[in-house]
Structures are given as C-alpha cells and as structure tokens.
Amino acid sequence: MPQRKIKTKKTKITSQPKYSFSQIEKKWQKEWAKNNYEIFHASDNPKKKHLYILDMFPYPSGEGLHVGHVEGYTASDILSRYYRMNGWEVLHPMGWDAFGLPAENYALKTKIPPQKTVPKNINRFREQLRSLGFSYDWQREINTTDPDYYRWTQWIFLKLYEKGLAYEEEVPVNWCDNCKTVLSNEEVQEGKCERCQSPVQRKHLRQWLLKITAYADRLLDDLNFIDWPERVKLMQRNWIGRSEGVEIEFKIDGLNEYLKVFTTRPETIFGVTYLVLAPEHPLIKTLVSQDRKTEVERYINEALNYSDFERQLNKEKSGIFLGIYAINPANRQKIPVWVSDYVLMNYGTGAVMAVPSHDKRDFEFAKKFNLPTKPVISPDKNLKEIPEPYEGEGIMINSGPFNGLPSKKAKEKIAFYVGGKKAVYYKLRDWIFSRQRYWGEPIPIIKCEKCGNVPLKEKDLPLKLPPLEKFQPTGKNESPLADIASWVNIQCPKCGGPAKRETNTMPQWAGSCWYYLRYLDPKNKKFLVDFKKQKTWLPVNLYIGGVEHAVLHLLYARFWHKFLYDLGIVSSKEPFFKLINQGTILGEDGEKMSKSRGNVVSPDEVIKKYGADALRMYEMFLGPLTSAKSWQTNGVIGVYRFLNRVWDLVTGSVLAKKEKKSEKIKMTKESQEKLKELINHLEITRQRTIKKVTEDIEHFRFNTAISTLMEYLNHLEEIPKEKIDKKHLETLILLLSPFAPHLCEELASSYLGFKKPLLKTKWPTYKPDVLKENQIVIVVQVNGKTRATLKVTKGLSQKEVEKQSLPLIKKYLNQKIKRIVFVPDKIINFVF
RNA sequence: GCCGAGGUGGCGGAAUUGGCAGACGCGUAUGACUCAAAAUCAUAUGACCAUUUUGGUCAUGAGGGUUCAAAUCCCUCCCUCGGCACCA
C-alpha cells in the first residue's frame with residue numbers, strides 16, 4: 001500500500017492557539033475516513049509480518065455504546081497503532097453481532113420490526129466508534145444478520161448435520177417462559193435465564209442439538225496450548241468437567257438384574273452400605289418391590305415436579321427405600337437399594353454406590369435414614385477414631401485382602417478385583433441449538449412426512465428469514481415463523497411430497513462462532529473464507545473482551561473452529577491464541593452500571609465535554625486493564641489537563657523558537673546550575689521514557705505508560721520552552737499517539753513538520769547504554785532504617801561507601817557496629 | 001461448601017529476583033491572576049508527636065514468623081469480589 005502524504009490544510013500559526021479538541025478530532029476523523037479508511041486497511045501481502053488484533057464485536061443494542069466497550073476497544077486500538085508503527089501489518093476489524101433476543105425484545109417493545117431497528121442501532125454504534133478514532137479496517141465490516149453472512153452460518157450447520165454432529169431429539173430442556181424459548185445449559189445461570197433473570201422451567205421437547213460432547217477431550221486438552229487467563233481456562237475445564245473412574249455392576253438379590261454405577265473412588269467399595277438411583281432411573285419400575293410400589297411412585301412424581309434448580313436449592317436429603325437389595329461384589333454383602341433426588345440421571349449411570357464414611361452427601365443421607373456407615377480408609381495407621389465423612393487418602397482398613405495398602409495403590413487393584421471397567425464422564429452436555437424465536441438464522445432443514453429431515457441444498461442458501469408482521473413469540477414451543485404458511489409449506493426436495501420447513505431458529509451465539517474468519521475474506525461469494533487468507537492471519541494473536549463469555553461464546557467458537565479444522569477449512573487448532581479480559585467498569589457508586597441504578601456513564605457526553613482523546617486516555621489511566629474499577633467523573637479532568645499541557649508545551653515551544661522569544665526570568669546562579677543539570681539529564685529521561693512506555697504497552701500496562709508520559713511532561717515543563725530540543729517534543733508525541741491519536745496527529749503535522757501520518761512513522765527507539773548512568777544513589781541505613789542517601793559514582797567499593805556514609809549517620813551510632821551489609825550500588829546497612 | 005482473584009493515604013492507583021512505601025492523577029488547603037467566580041498557574045498534602053529549626057514514632061486487612069532489611073517470602077485468621085455448586 002502506497003504511503004500517503006498528509007494533505008490537510010496546515011493551521012497558520014501566528015499566536016499560540018487554544019487546544020480545541022472537538023475541531024481537531026473532527027478534522028482527523030475526516031482525514032482518516034478518506035478512501036474508505038484506507039490508512040487502516042490491512043494487507044494480505046505474505047511478505048509482511050502479520051498480526052490479528054480482535055475485539056469482541058458488540059451487540060448493537062438500542063442503548064448505544066457503553067464505557068465498558070470503550071475500555072476494551074481503546075486497549076486494542078492502542079496496540080494496533082503501536083504495532084503498525086513498529087512495522088507490522090495489523091488486522092483490526094469490527095462488525096455487528098445483531099441476531100438474538102435483545103434486538104427482538106427491543107423490536108417488540110417499540111413495535112418496529114428488527115429489520116428496521118437493527119440497521120439504525122448499527123449506524124449509531126458505527127458513528128460512536130468512529131468518533132473515538134478507533135483504527136478499524138472498515139472495508140471488512142460484517143453483520144451477522146446479513147444474508148450474505150448467515151448463508152455461511154447455515155452452511156456450517158449443514159456440514160454439522162452431514163457429519164452427524166447436528167441431530168434432533170426429545171430431551172429435557174431449560175425453558176424460559178418470559179423469553180418463550182428453550183435455552184442451552186450455558187445460558188442458564190443459577191437456575192435463571194441469562195438474559196431476563198426469570199426462573200428456568202423443565203420441559204421435554206424435541207430439539208436440535210449440536211454434539212459438542214464429541215469434542216470434549218480436545219476442548220479440554222487444547223486449553224494447555226493457548227495463552228488465556230487461568231480463570232477462564234479453569235471455568236472451561238470445570239464446565240467440561242471430565243472425570244475418570246470405573247463402572248461397576250451390582251447384582252440385584254434374587255433377580256437376574258444388574259445395576260451399573262459409576263465411581264471415581266472404587267477403592268472405597270468395601271465401605272458401600274447402600275445403592276441410590278436417580279428418580280428418573282429406567283430400572284426402578286422393574287425393580288421396585290410390590291409392597292412399596294405406590295409409595296415409591298409418589299416420591300418419584302414429587303421429585304420430578306421440581307426443576308433441577310429447585311432440586312439443588314433443597315439441600316435437605318430426601319429419598320425412599322425400593323424394598324430390594326443388591327450384592328456388593330467386593331464382599332457379597334446384601335445392601336439396600338434406595339431412590340433419591342440427590343442422584344442425577346444425566347450424569348454417570350444415574351446410579352451411585354453410597355459410601356457414607358467417605359462421602360459427605362452419602363453421609364448426610366445415611367444419617368437422615370439411619371443407614372449404617374463403614375470406614376475403609378484411615379488417614380493414619382494409629383488413628384482409632386476416623387472423622388466422618390473422611391474424603392482424603394490414607395491406609396485401607398475393613399477391606400479384606402487389601403487391608404494395610406495405601407488407598408492410592410489400592411484404587412486400581414480393587415477396581416480390577418470387582419470387575420470394574422474404566423469409564424470417563426463429562427459434565428458437558430450437547431448444545432441445545434434451536435430457539436422458538438423469530439430473530440435468528442432459520443435452520444436450513446425441511447421436514448417431510450415420508451423422508452424425515454431433509455437438509456437444504458447448498459445452492460439454495462441463504463435461506464432468508466422472511467419479513468413478518470407479528471414476530472411475537474407464541475409460547476407454543478415453536479417459532480412465530482410457523483404462522484407463515486406460504487413460507488413453511490414446501491415440496492420435499494427428495495420425494496416431491498408435501499413438507500414443512502423447520503421453523504425454529506438458531507441461537508444468538510451461532511453467528512459469533514465464526515465471525516473472526518469472515519473478516520479475513522468478507523466479500524468472498526464462493527466460500528466462507530479463502531484458505532490462504534486464513535493461513536496468513538490465524539490464529540487471532542490477541543482477543544480482547546469481557547469475561548462474561550467464558551463458557552458461552554468462547555466455548556462455542558472453539559467447538560466450531562475445531563470442526564472447521566477437521567473439515568480442512570482452517571489450519572489452526574485454536575481460533576484465539578491470546579485472550580485478555582478487560583475488567584468491568586463500575587459506576588461511581590462501585591456498583592455495576594445499570595439503568596435502574598441510574599449510574600450509567602455515556603461515552604457521548606464525555607466526548608462532548610472533554611473529547612475522545614481524553615476519554616480514551618482516562619479509561620486507560622483508571623487502573624490496570626484487567627481489574628474491575630469504578631468510574632470517577634472527576635478523574636477525566638486529570639487527563640484532560642494533561643492533554644492541554646501537552647498542547648501548550650508543543651505549540652508554545654515551536655512558537656517561542658520561531659519568534660526567538662525567550663522567557664525572561666531572573667535566575668539566581670543556583671537555579672541556573674539546576675537548570676543546566678536538568679537539561680543535561682534530559683536525554684537520559686527521554687530514553688528511559690521510551691523504554692518504559694514501550695514495555696508497558698507490550699505488557700498491557702497502559703495506566704503506568706500514561707503516568708510515565710505525565711512524568712516526562714513534568715520534566716519538560718521545568719525548562720524554558722525555547723530551550724527544549726525538538727526531539728523531546730517528537731518523542732512525546734510519538735509515544736502518546738496510540739493513546740491520543742487526534743491531538744498527536746495535529747501537533748505532528750501542523751507544528752512539528754511531520755510529513756507522514758503517525759501510523760506510518762517509526763516508533764522511537766532507545767539505546768540501552770545511554771540508560772547506564774554514572775551517578776547513582778545509595779541508601780544508607782542504620783539497623784534497617786533509612787537515615788541518609790548518598791550520591792556516588794557507580795561501582796564504588798564498600799570501603800569507600802562506608803567512609804563517605806559514616807559522617808552522615810554519626811549521631812545514630814551510639815553503639816558498636818556489629819555488622820555491615822553492603823549491596824553494591826544499592827544499599828549499605830550498619831547493624832548494631 | 002469448593003475453586004480463583006484481591007485487600008496499600010480522603011479517593012483511583014504505583015512499587016514484586018526482598019533494598020528509600022505512597023510514583024502518576026483526583027480531591028483538599030494556601031497563595032498568584034481576577035471587581036468576583038470559573039479556568040489556569042505555584043506551593044503543601046499518609047497518620048500521630050514534638051518543634052524556632054534539625055527531628056521522632058507508627059503505618060501496606062489482623063496476628064505471628066524468617067531476615068541486616070518484608071506491601072513483597074512462610075504460617076494462622078478475617079473481609080471483599082468472581083466462578084462453580086448434590087457431577088458420585
């Protein structure tokens with residue numbers, strides 16, 4: 001890409017003008033917008049070094065941009081600008097995640113169809129992002145609700161279907177009666193709908209599911225190779241919830257039936273005193289004894305009435321005896337079989353061998369129903385009393401031939417002894433993928449009475465979402481699309497008979513599962529992404545966004561990426577190599593910003609009052625990027641003052657030199673000396689500033705980068721303006737430009753005579769040896785307390801330092817010195 | 001309950017191979033400019049004690065330990081935030 005010379009009109013400088021941010025910011029935003037933001041375009045040229053810096057694209061809600069968006073987007077913009085100045089080709093795109101409930105609910109509220117409100121919201125978001133000077137490659141803008149985009153979302157679904165990874169099944173689902181749709185497990189938080197907080201109900205419905213469980217191991221293992229915050233990895237690990245154990249069969253006494261249990265602690269089997277089944281267990285009906293049938297049925301009906309959440313809330317154990325016994329394969333003991341809702345059908349085998357002595361839950365249950373307990377692991381050989389329940393490791397007791405073995409060693413032996421088979425279970429469930437709502441991608445499937453599910457042909461994509469007058473959810477377990485007879489009724493492409501379209505739509509997460517790919521090749525009509533292009537850019541080098549997507553978007557996207565990897569469409573195993581979560585910005589009251597609390601800060605207002613550069617700077621200065629912090633409107637003033645002082649310094653200095661004006665200040669000899677020293681020292685300060693700011697940016701420490709720049713400015717301000725060497729002004733502007741691009745661009749082009757835009761100007765460098773100063777300060781301590789400091793030349797010997805420091809601390813030395821600790825060039829400590 | 005992150009002035013925060021705690025900024029006070037206010041600039045600003053000055057003591061959630069030296073390392077405990085929550 002050819003470098004463009006700056007052609008903006010230069011401001012005529014006659015007297016020192018005031019910093020008028022709104023004019024300057026508008027001017028540069030207009031300049032950057034030339035040729036569809038050409039200056040921010042990223043080239044695919046394979047000869048360049050490529051870097052992909054990605055933001056989590058926003059949901060264009062009716063409320064507009066939030067200060068939380070600005071935080072992450074500013075951070076990624078600083079990095080994008082910094083790396084461009086260091087010669088990298090940086091891909092920094094933006095788009096819109098516009099399908100889903102919020103847009104639809106907003107449409108319902110305003111009675112305007114989402115087709116009209118969404119573009120309006122997008123326009124507002126786009127304007128807001130541009131008013132912040134973010135350096136996005138706008139020619140790559142994407143929108144998940146654009147048929148040219150979602151044809152490929154549908155295409156991926158068809159591939160999943162083709163490979164057997166998308167299937168329809170009647171399953172127990174989470175139903176939100178307020179949103180009138182099913183939810184995935186990931187969308188349920190503490191038993192409530194992630195979107196509207198209403199309690200989730202249990203329903204049994206036929207739904208589309210994606211077999212994410214087929215990827216459980218890879219999703220888990222590959223976490224080890226990516227540079228993500230530990231807590232996000234941990235959340236995904238916990239969510240996948242892999243546990244290794246064994247399956248063991250227990251024979252039912254007097255019947256030719258077996259109960260299979262899953263356990264991770266087979267070594268405790270001699271301590272099993274009863275078995276428990278989940279209320280949904282299919283064998284209950286066959287096993288229950290005649291005399292207990294009605295009672296058991298009553299209990300099960302009661303238990304099944306509760307949702308999972310209610311079952312978990314009620315921690316008080318409940319249950320009922322089935323009236324039958326099983327044989328413990330370890331010691332042939334007869335043990336009773338119970339039913340209880342503390343055992344879950346959708347994990348393991350739905351049956352548990354209970355070891356009350358070594359499991360807290362079993363212990364509570366046994367206590368409540370007076371069932372026996374039997375310890376089999378002792379924490380210590382000599383211990384007589386074993387605390388119950390004891391869940392740790394120890395020495396086997398009461399375990400026949402295994403007595404005396406360490407429990408860790410006994411594990412495998414006992415598992416083998418009772419005929420256990422190794423098994424692995426996961427907490428992760430398949431992803432319930434259909435929604436009974438209007439505003440989503442239609443699922444490209446046709447339902448034929450004869451042929452069953454018939455996938456659409458690729459050439460028939462995109463299957464467009466038809467416009468609809470009444471897009472209210474029906475609550476009838478189907479999408480409002482079901483009401484459009486002309487759309488629903490169709491000929492079966494296979495047999496030509498009457499058929500209907502699938503009316504459920506995809507969840508809002510579908511579009512965001514692969515959007516980072518489409519940025520690489522947004523206008524490709526033939527395929528979702530060109531193979532060469534994805535090879536150039538993937539995986540994403542840096543992904544910045546909120547932690548709230550840890551087990552939603554980030555898990556789903558990894559799943560789809562791995563699927564596309566298996567299809568040979570992408571060549572990296574993981575989509576996002578490095579992830580950073582920006583901390584939440586709380587309101588001034590320290591609470592989460594929300595309309596109901598009335599503590600929401602609008603970026604627009606801050607920009608109007610202080611400018612975009614000030615807002616960017618402020619959000620970065622507030623604190624470390626990754627930690628939560630509360631907004632302080634007063635704090636914006638600090639960075640605003642700083643920007644004004646930068647303006648005054650640069651314009652003032654340039655003018656002073658031009659007019660050969662010198663500030664006439666009466667100076668004493670002493671202050672003249674001081675000034676001379678200051679100026680002499682300034683080059684070291686400059687080099688240090690470059691080093692610190694560079695390192696801070698690379699380590700995402702934007703708050704301290706800014707304070708370093710403030711310190712540098714403080715130093716420069718101590719010197720008469722006409723005496724400041726131009727290189728200091730240039731360094732200041734270059735280092736500051738990723739943070740406050742508008743101001744810096746204006747000063748560089750109109751005052752400092754830069755010929756090229758700052759993005760095409762090289763980032764300043766420092767010489768490590770200049771940093772090595774000859775004069776250093778040694779701390780003089782007595783008994784570990786600092787009593788004086790000593791300015792000496794570097795590398796001075798202990799003897800010489802002692803000699804020079806002793807007179808300074810004479811009055812503290814009223815006892816004999818026992819010891820002297822000396823750390824060269826750092827500290828000397830006299831101890832008595 | 002389990003797991004993770006954290007606790008430093010009036011406030012946001014800085015300082016991590018252990019080496020001058022409080023950088024930078026906000027706020028506050030006083031002064032300059034002004035008829036006045038705002039803005040701006042200058043100086044001061046952890047707490048306490050003492051003072052004409054030099055100064056002294058205490059301080060990084062609490063208590064203990066290691067060390068010449070601890071915000072930083074170790075032990076015990078308290079609190080805040082986030083995640084998971086009968087997953088056998």
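Reminder, nothing fancy here: chain letters follow the sequence lines and each chain counts from 1.
Residue order along RNA chain B, read from the 5' end via each residue's closest nucleotide, puts A:Gln632 first among A:Gln632 and A:Tyr426. Where A:Tyr640 and A:Tyr347 each meet RNA chain B at their nearest nucleotide, the meeting point lying more 5' is that of A:Tyr640.
The separation of B:G61 from B:G56, taken at their P atoms, amounts to 26 Å, rounded to a whole angstrom. Across B:A69 and B:A21, the matching P atoms stand 14 Å from one another, rounded to whole Å. Between the C1' atoms of B:U30 and B:U80, the separation comes to 38 Å (whole Å). Distance check on atom C1': B:A29 versus B:A23 gives 22 Å, rounded to whole Å. For the P atom pair drawn from B:C20 and B:C84, the interatomic distance equals 42 Å after rounding to whole Å. For the C1' atom pair drawn from B:U16 and B:U60, the interatomic distance equals 14 Å after rounding to whole Å. To the nearest whole angstrom, the two C1' atoms, one in B:C68 and one in B:G9, are 29 Å apart. Nucleotides B:C26 and B:A44 place their P atoms 15 Å apart, quoted to the nearest Å.
Residues A:Trp647 and A:Phe21 fail the side-chain proximity criterion, which asks for heavy atoms closer than 4.5 Å.
Atom NZ of A:Lys260 is separated from atom C1' of B:A88 by 16 Å (rounded to the nearest Å). The interatomic distance linking A:Lys317 (NZ) with B:A85 (C1') rounds to 12 Å, in whole Å. Here B:A39 presents its P atom at 11 Å from NZ of A:Lys609, a figure rounded to the nearest Å. In this structure, CD of A:Glu391 is placed 14 Å from P of B:G1, rounded to the nearest angstrom. In this structure, CG of A:Asn238 is placed 18 Å from P of B:G82, rounded to the nearest angstrom. Following rounding to the nearest Å, A:Leu555 (CG) and B:C84 (P) show an atom-to-atom distance of 13 Å. Distance CG (A:Asp362) to P (B:G1): 20 Å, rounded to an integer number of Å. The interatomic distance linking A:Arg819 (CZ) with B:A69 (P) rounds to 9 Å, in whole Å.
A perpendicular orientation is assigned to the rings of A:Trp338 and A:Phe365, their planes being inclined by more than 60° (bins at 30° and 60°).
Crowding of A:Glu393 atom CD: a count of heavy atoms from other residues, nucleotides or ligands under 6.0 Å exceeding 12. Under a cut-off of 6.0 angstrom, the local environment of CD in A:Glu695 is crowded, with over 12 non-hydrogen atoms contributed by other residues, nucleotides or ligands. Shown here is A:Gln23, whose CD atom has no more than 12 heavy atoms of other residues, nucleotides or ligands within 6.0 Å. Heavy atoms from other residues, nucleotides or ligands lying under 6.0 Å from NZ of A:Lys608 number 12 at most.
Two rings, from A:Tyr274 and A:Phe369, have their centers 6.0 Å or more apart.
A syn base is found at B:G9: its glycosidic angle is within 90° of 0.
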query = Just by protein heavy atoms under 4.0 Å, how would nucleotides 13-26 of chain B read 5' to 3' in B, S and -?
reply = SS----BB--BBSS
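With hydrogens and angles ignored, the 3.5 Å screen pairs no side-chain donor or acceptor of A:Asn328 with any backbone N or O of A:Phe270. Using modelled atom types, one side-chain atom of A:Ser653 and one backbone atom of A:Lys721 make a donor-acceptor pair closer than 3.5 Å.
Between the CZ atom in A:Arg616 and the CG atom in A:Leu743 there is a gap of 11.5 Å [rounded to 0.5 Å]. To the nearest 0.5 Å, the span separating OG1 on A:Thr264 from CG on A:Asp359 amounts to 8.5 Å.
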task = Take A:Glu71 and A:Lys629 through the test salt bridge (Lys or Arg N to Asp or Glu O under 4.0 Å) and record every step on the way to the result.
result = CA-CA 11 Å; A:Glu71 184 191 16; A:Lys629 36 208 172 261; 2.7 Å; yes
Distances under 3.5 Å only, N/O to N/O: pair up the protein atoms with those of nucleotides 73-76 of chain B.
none

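Note on A:Thr349: nothing from the nucleic acid sits closer than 4.0 angstrom, heavy atoms only.
For B:A88, neither phosphate oxygen OP1 nor OP2 lies less than 4.0 angstrom from any side-chain nitrogen or oxygen of A:Tyr342.
Taking only distance into account, the side chain of A:Lys360 never meets the base of B:C86 through a donor-acceptor pair shorter than 3.5 Å.
Where RNA chain B pairs in unbroken runs of 3 or more (Watson-Crick or G-U, both distances under 3.5 Å), the stems are B:1-7 with B:78-84, B:10-12 with B:24-26, B:27-32 with B:40-45, B:46-49 with B:55-58, B:61-65 with B:73-77.
Looking at A:Ile828, A:Asn829, A:Val801, A:Val831 one by one, the single match for side chain to side chain contact (heavy atoms under 4.5 Å, CB included) with A:Ile820 turns out to be A:Ile828.
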